[in-house]
Amino acid sequence: MEDNKYEVEECRGVLRVYSDGTILRLTKPSFEVPIHDDGSILWKDVVFQAMYNLQLRLYKPASPISAAKLPVFYYIHGGGFCIGSRTWPNCQNYCFKLASELQAVVISPDYRLAPENRLPAAIEDGYAAVKWLQDQAVSDEPDKWLTDVADFSRVFISGDSAGGNIAHNLAVRLQAGSAELDPVRVRGYVYLLPFFGGTIRTKFEAEGPKDAFLNIELIDRFWRLSIPIGSTTDHPLVNPFGPKSPNLENIDLDPILVLVGGCDLLKDRAKDYANKLKNYGKNIEYVEFEGQQHGFFTIDPNSESSKKLMLIIKKFIQDNSS
């Protein structure tokens, strides 16, 4: 019998879904850039979720500027919940930069990807990555590579795109004070161009640049592949203000910093999120970088906008460390 299999979905050249349900996932990254590992940042991989063999990558300065313990900064990678990895060069280079510029221990976890593992898998894995830190903090035999330098009372959770969505869902789950993680204390959250959705198009999604780095077709494709079967993009994990989403006005949240690019089709959703939370009386800051695309800070980490973004994150950590 003739094989009539054909390609149904394709994402950034590394994920292909076929009509018979088979999935081809390449191990190569979408973004082939050289890794800038000059030895000034030490790093290693650790399994944090044995059941799914999920790993996280730890980074720390080889020669910290201060003798004091360092804040812990999670960087959860993006990729529309469908692609991406802690091992991709653009992710690794940015983590080197974060560890150096912020003088922090950086934790970059992987999570299960869609469509093989649809939401809420990624959110659950993000939570497991944070619980892993608590396990280290209370362990009788901790990993001293980490515990000798990490200040567990100063933890910040950041995420890029889909990772920013995960950060939001963790902020809502852990709530202000992150009591369930004790002695780990989350001090704030940084959403880098967060990946939120909804059934009603925003103005910029509808009218923004068709040649955007993250265009509307790719946005729709990522959601098609990642939301639970039978759900819409008003799912509570996708749309913070969907009909069945928790009322954020009634939830105490730790401080949040939202950073977006002015040319990012997702910017309206992030701005709306920040405005609504500010009106609810939450501690939230929104910064938009004029003319910048989705992912600008990992694509060109040395641009003026990327440098400014790093300084804003640094100030956010300083302002929320005591």
Side-chain angles (χ1 to χ4, degrees), residues 41-52 54-62 64-77 86 95 98-111 120 122-159 163-164 166-191 246 248 251-257 282-284 313-322:
I41 303 298
L42 306 177
W43 61 276
K44 68 173 187 172
D45 288 329
V46 177
V47 173
F48 73 90
Q49 223 303 5
M51 186 187 299
Y52 305 117
L54 290 172
Q55 297 186 57
L56 50 77
R57 190 158 283 183
L58 293 168
Y59 300 82
K60 66 178 180 180
I65 293 169
S66 165
K69 287 201 168 186
L70 305 175
V72 176
F73 191 86
Y74 275 81
Y75 174 77
I76 307 171
H77 74 75
R86 76 187 192 292
C95 288
L98 287 166
S100 173
E101 299 278 337
L102 302 178
Q103 285 293 292
V105 174
V106 174
I107 303 180
S108 179
D110 276 341
Y111 47 89
I123 313 296
E124 291 169 354
D125 296 340
Y127 179 74
V130 179
K131 289 293 280 185
W132 172 87
L133 190 68
Q134 182 186 37
D135 292 342
Q136 289 297 315
V138 301
S139 173
D140 292 332
E141 296 181 359
D143 183 347
K144 295 183 77 63
W145 192 99
L146 170 73
T147 57
D148 282 353
V149 296
D151 182 349
F152 293 113
S153 71
R154 287 193 298 149
V155 176
F156 294 82
I157 298 178
S158 88
I166 294 172
H168 153 74
N169 281 295
L170 290 176
V172 172
R173 179 168 182 171
L174 296 171
Q175 302 191 15
S178 56
E180 68 178 275
L181 296 179
D182 190 65
V184 167
R185 173 73 166 84
V186 180
R187 296 285 178 176
Y189 294 82
V190 180
Y191 307 168
L248 299 181
I251 297 174
D252 283 337
L253 298 169
D254 279 314
I256 297 167
L257 173 63
K282 310 301 182 194
N283 180 345
I284 188 161
I313 295 174
K314 194 169 189 173
K315 184 176 187 302
F316 179 77
I317 290 175
Q318 289 167 348
D319 290 348
N320 292 288
S321 282
S322 55

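All of these numbers come straight from a predicted model, not from anything done at the bench.
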Taking it one step at a time, do N169 and Y127 satisfy side-chain contact (heavy atoms from CB on, under 4.5 Å)?
CA-CA 9 Å; N169 281 295; Y127 179 74; over 6 Å; no
Any chance you could measure [X], atom [atom1], to [Y], atom [atom2], to the nearest 0.5 Å?
X    : Y    : atom1 : atom2 : answer
L98  : S108 : CG    : OG    : 9.0 Å
K282 : L253 : NZ    : CG    : 5.0 Å
F152 : R185 : CZ    : CZ    : 15.5 Å
Q318 : N320 : CD    : CG    : 10.5 Å
L58  : W145 : CG    : CH2   : 5.5 Å
L56  : D45  : CG    : CG    : 8.0 Å

Side-chain ([X]) to main-chain ([Y]) donor-acceptor, under 3.5 angstrom:
X    : Y    : value
Q49  : D125 : no
D254 : G177 : yes
D110 : R86  : yes
R154 : K69  : yes
R187 : S153 : yes
Q136 : P142 : no

With a 4.5 Å limit on heavy-atom distance, are the side chains of [X] and [Y] in contact?
X    : Y    : answer
S100 : I41  : yes
L133 : Y74  : yes
Q134 : V155 : no
F73  : V190 : yes
S321 : F156 : yes

[X] and [Y]: which non-hydrogen atoms are nearest, and at how many Å?
X    : Y    : result
I166 : A122 : CD1-O, 3.9 Å
P109 : Y75  : CD-O, 3.5 Å
A150 : V72  : CB-CG2, 3.8 Å
L70  : A104 : CB-CA, 4.2 Å
V106 : C95  : CG1-SG, 3.9 Å
E180 : K131 : O-NZ, 3.6 Å

More than 12 foreign heavy atoms under 6.0 Å from NZ of K44: is that the case here?
yes
Quickly, which of L257, L174, V172, I284 forms a side-chain contact (heavy atoms from CB on, under 4.5 Å) with Y189? Name it, please.
L174
Verdict with supporting geometry, I76 and I157, side-chain contact (heavy atoms from CB on, under 4.5 Å)
CA-CA 8 Å; I76 307 171; I157 298 178; 4.1 Å; yes
Should the ring pair H77 and Y111 be called parallel, tilted or perpendicular, given that the plane angle runs from 0 to 90° and is split at 30 and 60?
parallel
